Amino acid sequence: MITISAIKADVGSIGGHTCPSAGMVGAARAVLGEAVGKGLLTDFAVTFTGDDLCLLMVHRNGSACPDVHNLAWEAFRGATEVARAEGLYAAGQDLLKDAPSGNVRGAGPGAAEITFDEAAPERRAEAFLVFTADKCGPGAFNFPLWAVFTSPLYNAGLMLPVMKKGFTFRVIDMEHPHGDRVLDLVSPEEHVELAILLRDENRFGIQAIHSRLHPSQQVVAVSTDRLHTIAGEYKGKDDPVAIVRTQGIFPAPEEVVSPYGVAPYVAGGARGSHTMPLMPVPINTPVTGPYCLPLVACVAYSVNREGKLSAGVDVFGNPVWDAVRLKAQEKGLALREQGFVGAAMLPMTELEYSAFRKSLAELEDRFRTL
Ligand code: 13P
Ligand code: MG
Ligand code: MG
């Protein structure tokens with residue numbers, strides 16, 4: 001069995017919430033490189049999207065392995081030390097605990113992991129995509145994943161015999177603080193039930209998707225922790241990571257990325273408090289747009305049976321995405337013209353977790369009933 005673990009955290013950034021420094025990336029790489037030497041990992045890649053570092057680790061230890069999660073924590077701590085020494089902004093931002101109990105979930109970083117049998121006859125080669133998003137929550141993946149796995153409008157491949165049977169979606173209630181409150185729904189029969197839940201991207205997220213034709217085959221994993229559910233207050237946006245396996249019994253990469261052409265409005269942006277479009281960007285792009293336009297990067301990899309990664313292909317780095325980038329910028333500017341008003345800013349229930357609630361509370365005290 002081979003496990004792909006993508007663990008992501010913001011542990012400091014240059015000049016505000018832009019991007020980690022080269023020194024931070026180097027520190028994380030050094031920790032993971034040592035783990036390859038010791039045999040804990042077979043391979044790894046370190047990238048960043050906005051101010052979040054993503055550790056992509058390949059190994060044979062299964063999902064939620066304490067040694068691998070502790071290793072990720074060590075890599076983030078190493079990068080935090082560099083951020084502190086360099087005087088960077090918000091050093092250690094997402095490390096909400098002193099040390100995790102063998103699993104980073106619930107401690108601040110986001111984790112997406114898939115374990116598979118590299119010798120399964122239905123998977124002759126292993127191809128997958130890693131999506132990393134900044135300035136938005138895990139619900140940002142609700143629309144693109146729903147579209148790819150339930151709608152032939154976005155994915156004509158769903159009409160093929162290998163995909164016609166559909167997929168099982170595990171939906172998680174991200175507002176539930178203790179343990180994972182989940183519901184399994186199947187497509188195509190329950191695609192409307194899925195839509196009923198997934199339209200609320202602040203509460204419900206897709207945690208995993210499995211093939212119904214090959215139920216042991218997991219095709220999608222999304223990090224679905226929400227920092228405020230852990231910390232009880234706003235500590236930065238949750239900035240999710242997703243793994244999507246592709247080809248053969250699964251959608252092709254060109255189908256998986258098709259909904260990103262919409263540049264959908266998502267919850268996020270500046271102070272995690274606004275409605276803003278999601279712009280596809282090259283990997284290792286800093287955040288510098290007005291009101292922190294949410295970003296999503298996508299890297300395509302192959303992994304061989306020895307657990308060695310190919311070089312990554314930067315999917316959204318291609319100029320074919322330039323038109324979508326322009327569309328996202330125009331959609332963002334259009335909504336920002338109405339500033340904080342109505343749909344431009346998130347509902348109070350979301351802002352409750354931020355210091356905006358203190359400003360509101362001061363006014364609440366001054367109300368009187370006549
Ligand atoms: P991050 O969650 O990416 O740190 O961004 C926080 C924020 O509020 C930016 O305005
Ligand atoms: Mg940050
Ligand atoms: Mg971030």
Side-chain angles (χ1 to χ4, degrees), residues 6-21 24-25 28 46-55 72 76 79-80 82-84 86-96 104 107-112 130-141 174 201-202 205 222-242 266-281 283-297 332 335-336 339-340 344-346 350-359:
I7 303 189
K8 189 164 177 285
D10 174 352
V11 290
S13 44
I14 303 172
H17 294 276
T18 63
C19 65
S21 68
M24 291 171 65
V25 175
V46 178
T47 58
F48 65 85
T49 302
D51 57 10
D52 304 310
L53 277 173
C54 181
L55 315 177
F76 289 132
T80 299
V82 174
R84 286 216 174 95
E86 292 178 350
L88 301 188
Y89 181 71
Q93 175 182 286
D94 289 353
L95 305 186
L96 300 180
V104 296
V130 178
F131 288 90
T132 44
D134 188 30
K135 311 297 181 242
C136 57
F141 290 126
M174 297 185 290
E201 68 173 85
N202 293 316
V222 184
S223 64
T224 43
D225 279 324
R226 302 202 63 199
L227 291 181
H228 73 238
T229 316
I230 301 167
E233 61 182 299
Y234 182 70
K235 292 274 184 190
K237 210 60 190 167
D238 314 282
D239 300 342
V241 54
V266 298
R271 302 185 190 281
S273 304
H274 295 83
T275 304
M276 287 290 268
L278 185 60
M279 179 167 75
V281 293
I283 194 68
N284 302 332
T285 296
V287 166
T288 58
Y291 268 68
C292 293
L293 205 58
L295 310 182
V296 60
L335 202 49
R336 297 277 53 89
F340 66 90
M345 216 167 165
L346 295 186
E350 274 301 295
L351 304 187
E352 250 170 32
Y353 304 103
S354 78
F356 280 114
R357 73 183 153 177
K358 296 195 178 112
S359 306

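What you see is a predicted model, and the numbers here were worked out from it, not measured in a lab. For this chain, numbers begin at 1 and follow the sequence in order. Counting convention: from 1, in listed order, for ligands and their atoms alike.
Counting just the N/O/S atoms of D134, the one with the shortest distance to the Mg ion (ligand 3) is named OD1. In terms of distance to the Mg ion (ligand 2), the nearest N, O or S atom of D51 is named OD2. D10 has its closest N, O or S atom to the Mg ion (ligand 2) at the position named OD2. Sorting the N, O or S atoms of H17 by how far they are from the Mg ion (ligand 2) puts ND1 first.
When atom types are taken as modelled, the side chain of N284 and the backbone of F48 share a donor-acceptor pair closer than 3.5 angstrom. The main-chain N or O of V241 is never found under 3.5 Å from a side-chain atom of T132 such that the two would form a donor-acceptor pair. No donor-acceptor distance shorter than 3.5 angstrom exists from the side chain of D52 to the backbone of C54, with no hydrogens or angles considered. Using modelled atom types, one side-chain atom of R226 and one backbone atom of N202 make a donor-acceptor pair closer than 3.5 Å. Side-chain atoms of D239 come within 3.5 Å of backbone N or O of C136 as a donor-acceptor pair. One N or O on the side chain of T80 and one on the backbone of F76 form a donor-acceptor pair closer than 3.5 Å.
Using a 4.0 Å cut-off between charged side-chain N and carboxylate O, R357 and E350 make no salt bridge. A salt bridge does not link D94 to K8: none of the charged nitrogens lies less than 4.0 Å from a carboxylate oxygen.
Contacts of D52 with ligand 1, taken as heavy-atom pairs under 4.0 Å, are absent altogether. Proximity of D239 to ligand 1, defined as any heavy-atom pair under 4.0 Å, is confined to the side chain (atoms from C-beta onward).
For the pair OD2 of D52 and OD2 of D239, the angle whose vertex sits at the Mg ion (ligand 3) is 80° to 10 degrees.
Close contacts between ligand 1 and K135 involve ligand atoms 1 (P), 3 (O), 5 (O) [criterion: under 4.0 Å to a heavy atom]. With ligand atoms numbered from 1 in the order given, ligand 1 contributes 8 (O) to contacts under 4.0 Å with heavy atoms of G272. Atoms of ligand 1 lying under 4.0 Å from any heavy atom of R271, numbered from 1 in the order shown and given with element: 7 (C), 8 (O), 9 (C), 10 (O). Close approach of ligand 1 to D51 is summarised as follows: ligand atoms under 4.0 Å from at least one heavy atom of the residue are 1 (P), 3 (O), 4 (O). Using a 4.0 Å cut-off to heavy atoms of A270, the atoms of ligand 1 that qualify are 10 (O).
Summary of contacts: the protein heavy atom closest to atom 2 (O) of ligand 1 is K237 N, 2.6 Å. Atom 7 (C) of ligand 1 has as its closest protein heavy atom Y234 OH, 3.5 Å.
With a 4.5 Å cut-off on side-chain heavy atoms, V11 and L53 count as touching.
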